[in-house]
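Since the structure comes first, as C-alpha cells, the remarks are kept for the end.
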Number of protein chains: 2
Amino acid sequence: MAGMSHRPLNATAASLLGFLHNGPQTGWDLVATAQGSIGAFWSITQSQVYRELAAMAQAGLVTAGEREARDRRPYTLTDAGREAFAEWVARPPDPELIRFPLLLTVVFGAQIPPDVLAGHLAHHRELHAKRLAEYEALGELADPYAQATLDFGLRYERAVRDWFDALPESIRSGIA
Amino acid sequence: MAGMSHRPLNATAASLLGFLHNGPQTGWDLVATAQGSIGAFWSITQSQVYRELAAMAQAGLVTAGEREARDRRPYTLTDAGREAFAEWVARPPDPELIRFPLLLTVVFGAQIPPDVLAGHLAHHRELHAKRLAEYEALGELADPYAQATLDFGLRYERAVRDWFDALPESIRSGIA
DNA sequence: TGGTACATGTAACATGTTACATGATTAG
DNA sequence: CTAATCATGTAACATGTTACATGTACCA
C-alpha cells in the first residue's frame with residue numbers, strides 16, 4: 001500500500017491526525033484540543049472537524065468507535081492515518097497567511113474619517129494588549145514544542161504592541 | 001436610497017472599492033495594485049477580483065466601462081460604491097487571522113523526525129530573511145498610511161527572525 | 001513569425017463560516 | 001423540573017484556489 005496515490009492531506013485534517021497520536025478522541029474533544037493548542041495560528045471550527053473526521057474515516061485514516069455515553073464517538077488513528085501524517089509532515093510547510101483587516105483600513109486611511117480610524121486602532125490595541133497579557137500569564141510550558149509556539153505568540157504580540165505605539169501621532173490619535 | 005439594505009461588503013470587495021477611489025481601473029490593474037500594496041496581509045487572486053467586480057457591477061457599486069484596446073475594461077466607482085465603502089470602513093475591523101503551517105509542524109515536533117523539522121525551520125528562516133531584506137530595501141514611503149503598514153511588516157519580520165534565532169538548539173538544529 | 005506579456009473570464013473544487021436541528025446528561 | 005452544557009451532525013452559503021480557455025498586442 002505504500003505507493004497508493006492519495007491527494008495530500010490538508011493541514012487541518014493533518015493536525016487532527018496529529019492530536020490523535022495521543023490516543024482516541026471524539027470530535028468534540030478535538031475541537032477543544034485544537035482551539036486550545038493551535039487556535040492562535042490555525043483556526044478550526046466544529047463543522048470542519050466533523051467533516052474532516054467523516055472524510056478521513058471514509059479514507060481509512062481513522063476509525064470511528066462505538067457510541068458511548070452522551071453519544072460520544074471516539075476516533076482512533078489507523079496505521080494508514082499514521083502514514084498519511086508522516087507524509088504530510090515531510091512536505092515543506094506552506095508560507096504563513098496573514099489576513100489583517102485593520103491594516104486594510106490603515107492603507108485606506110486617506111479615505112477614512114481620522115477619528116474613525118483612530119477608534120479602530122485604539123480598540124485593536126486593547127485586544128492585543130489583552131492577548132499578550134494572557135500569553136504572559138501562561139508562564140513556562142512543560143512541552144518545549146508548545147513552548148516554542150507560545151514564544152512565537154509572545155514575540156508577535158509584543159511586535160504588534162510596539163507597532164501601535166510607534167504609529168505617527170496624526171494617525172493614532174485622529175488629529176489631522 | 002440611503003436606507004437600502006444590503007449585506008455588508010466583504011473586505012476583499014471593499015478594498016477594490018478603496019483602490020477605485022484613485023480613478024477607474026481594470027481588473028488586471030486592480031490585481032497588480034492590490035498585490036503590490038496589500039498583498040502582504042490580504043491575499044487576493046485574479047479570479048476573485050473578476051468575480052467581485054462582476055458582483056459589484058450587478059449591485060451598482062461600480063460600473064463597467066467600454067472595452068478599450070486589448071479588451072481592457074475599466075471599472076468606475078459609483079456613488080453607491082462610495083457609500084458602501086464608507087459603511088464598510090465605519091464597522092470595526094475583524095481581528096486578524098494567522099494561518100501558519102510551520103507552527104503546526106513545530107507543535108507536533110514530538111511526532112516528527114528532528115532533522116525534518118530542523119530542515120523546515122531553516123528553509124522558512126531563509127524565506128523570512130529575504131522578505132525582511134526586501135522590506136528594508138523599500139526605504140521610506142511617501143504615503144504615511146502605506147508607510148504604517150510597511151512598518152508593521154518590518155516589525156513582524158524582525159520578530160519572526162528573532163523567534164527563529166531564539167529557538168532551543170535541540171529543536172533548531174535537529175540534534176536530539 | 002513566434003514567443004512573451006497583457007487581459008478577461010469560466011469551471012471545478014477546496015475550504016471555511018454560520019446557523020440550525022436534535023437529543024443526552026448534569027446541576028441546581 | 002428546568003436551564004445549562006455536552007455532543008453530533010446537516011444545510012446553506014461565502015470565500016479562496018487552481019487550472020484552463022480564449023484572444024490581443026508587442027517586440028525581437
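Chain letters run A, B, ... following the sequence lines, proteins first, then strands; residues in each count from 1.
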Can you find a side chain N or O atom of [X] that sits less than 4.0 Å from OP1 or OP2 on [N]?
X     : N      : value
B/Y50 : C/dT8  : yes
B/R67 : C/dG9  : yes
B/T26 : C/dT8  : yes
B/R73 : C/dG9  : yes
B/R72 : C/dG9  : no
A/T12 : C/dG16 : yes

Can you measure [X] atom [atom1] to [N] atom [atom2] for me and round it to whole angstrom units?
X     : N      : atom1 : atom2 : value
B/D94 : C/dG16 : CG    : P     : 16 Å
A/W28 : D/dA4  : CH2   : C1'   : 11 Å
A/L97 : D/dT15 : CG    : P     : 15 Å
A/Q48 : C/dA19 : CD    : C1'   : 16 Å
A/L30 : D/dG9  : CG    : P     : 12 Å
A/I44 : C/dG16 : CD1   : P     : 8 Å
B/Q46 : C/dT10 : CD    : P     : 12 Å
B/E68 : D/dG23 : CD    : P     : 21 Å

(message) Measuring centre to centre across the rings, with the benzene-like ring taken for any Trp, is A/H21 within less than 6.0 Å of B/F108?
(response)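 No - the distance between ring centres of A/H21 and B/F108 does not fall below the 6.0 Å cut-off.
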(message) Measuring centre to centre across the rings, with the benzene-like ring taken for any Trp, is B/F41 within less than 6.0 Å of B/F152?
(response)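 Ring centres of B/F152 and B/F41 not closer than 6.0 Å.
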(request) Go through C/dG16, C/dT8, D/dG16 for me and flag the one nearest to the B/R51 side chain. (result) D/dG16
(request) For the side chain of B/Y75, starting at C-beta, report the closest nucleotide among C/dG16, C/dG9, D/dT17. (result)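 Side chain of B/Y75 sits closest to C/dG9.
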(message) Quick check: on DNA chain C, is the nucleotide nearest A/D71 upstream (toward 5') of the one nearest A/E52, or the reverse? Name the residue that is more 5'.
(response)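 So the residue in question is A/E52.
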(request) Take A/S43 and B/P74, find for each the nucleotide of DNA chain C with the closest heavy atom, and name the residue whose nucleotide sits nearer the 5' end. (result)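 Its nearest nucleotide lies further toward 5', so the answer is B/P74.
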Is there a side-chain contact between [X] and [Y], using heavy atoms and a 4.5 Å cut-off?
X      : Y      : result
A/N10  : A/E52  : yes
A/V160 : A/Y156 : yes
A/R72  : A/D29  : yes

(message) Is there, by distance only and without an angle test, a donor paired with an acceptor across the side chain of B/R99 and the base of C/dG16 below 3.5 Å?
(response) no
(message) Would the base of C/dT18 count as contacting A/S47 through its side chain, where contact means a donor and an acceptor less than 3.5 Å apart?
(response) yes
